[in-house]
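Scope of the values below: all heavy atoms of this structure, side chains included, with no hydrogens, waters or symmetry mates. The first residue in the sequence is number 1, and the count goes up from there. Because the structure is a prediction, the values reported are computed rather than measured.
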Amino acid sequence: CAQSGADLAKAKNCTNCHEMDKKKVGPAFKDVAAKYKDNKDAEATLATKLKEGKGHPTKVAASDAELKALVQYSLTGK
């Protein structure tokens with residue numbers, strides 16, 4: 001059974017640096033969502049950044065499906 005984006009964000013330690021509505025170490029997810037709002041390639045771009053650790057401090061050890069769920073969650077901004 002697939003985990004929700006919120007559950008994955010906790011499980012993959014995303015919430016150590018990100019919160020939905022306020023900046024911590026990294027930007028708030030709502031700010032990420034706003035930045036990529038009009039970018040049709042946002043999902044693929046962000047998944048690649050997380051997978052390869054380019055533009056993100058660490059590589060995220062997650063399957064492609066998990067990365068997709070995490071990115072979709074972060075792009076909801078809520």
Side-chain angles (χ1 to χ4, degrees):
C1 144
Q3 288 180 287
S4 74
D7 290 341
L8 274 169
K10 286 186 187 97
K12 299 295 180 185
N13 298 319
C14 305
T15 53
N16 288 353
C17 297
H18 302 277
E19 284 189 34
M20 186 52 74
D21 57 356
K22 69 179 184 225
K23 180 174 173 35
K24 284 174 87 174
V25 175
F29 288 137
K30 72 173 185 155
D31 295 335
V32 173
K35 179 180 178 179
Y36 286 93
K37 178 172 66 100
D38 297 320
N39 183 338
K40 64 181 175 25
D41 299 321
E43 196 174 295
T45 299
L46 290 171
T48 300
K49 284 183 178 197
L50 296 176
K51 188 174 190 171
E52 297 177 1
K54 291 181 180 163
H56 190 262
T58 59
K59 289 182 183 181
V60 177
S63 70
D64 287 344
E66 288 172 331
L67 287 171
K68 183 175 181 170
L70 285 167
V71 168
Q72 287 174 340
Y73 171 71
S74 69
L75 290 173
T76 66
K78 53 186 175 248

Any [X] side-chain heavy atom under 4.5 Å of [Y] side chain:
| X | Y | value |
| --- | --- | --- |
| Lys51 | Asp64 | yes |
| Tyr36 | Glu43 | no |
| Val60 | Glu66 | no |

Smallest heavy-atom separation, Ser74 atom then Ala33 atom, equals O-CB, 3.7 Å
In terms of heavy-atom contacts, Leu70 and Ala9 come closest through CD2-N, 3.4 Å
At what distance, to the nearest 0.5 angstrom, does [atom1] of [X] lie from [atom2] of [Y]?
| X | Y | atom1 | atom2 | value |
| --- | --- | --- | --- | --- |
| Lys10 | Asn16 | NZ | CG | 12.0 Å |
| Met20 | Lys30 | CE | NZ | 10.5 Å |
| Lys49 | Lys59 | NZ | NZ | 16.0 Å |
| Leu67 | Leu8 | CG | CG | 9.0 Å |
| Asp41 | Thr48 | CG | OG1 | 10.0 Å |
| Lys12 | Thr58 | NZ | OG1 | 11.5 Å |

Please check if atom NZ in Lys23 has more than 12 non-hydrogen atoms from other residues, nucleotides or ligands closer than 6.0 Å. yes
Checking the side chain of Lys22 only, and the main-chain atoms of Ala28 only, is there a donor and an acceptor separated by less than 3.5 Å? no
Can you tell me if Lys24 uses its side chain to pair, donor with acceptor, with the backbone of Thr15 under 3.5 Å? yes
How are the rings of Phe29 and His18 set relative to one another: parallel (under 30°), tilted (30 to 60°) or perpendicular (over 60°)? parallel
Cluster question for you: counting only ILVMFWY and a side-chain heavy-atom cut-off of under 4.5 Å, with indirect links fine, are Leu50 and Tyr73 together? no
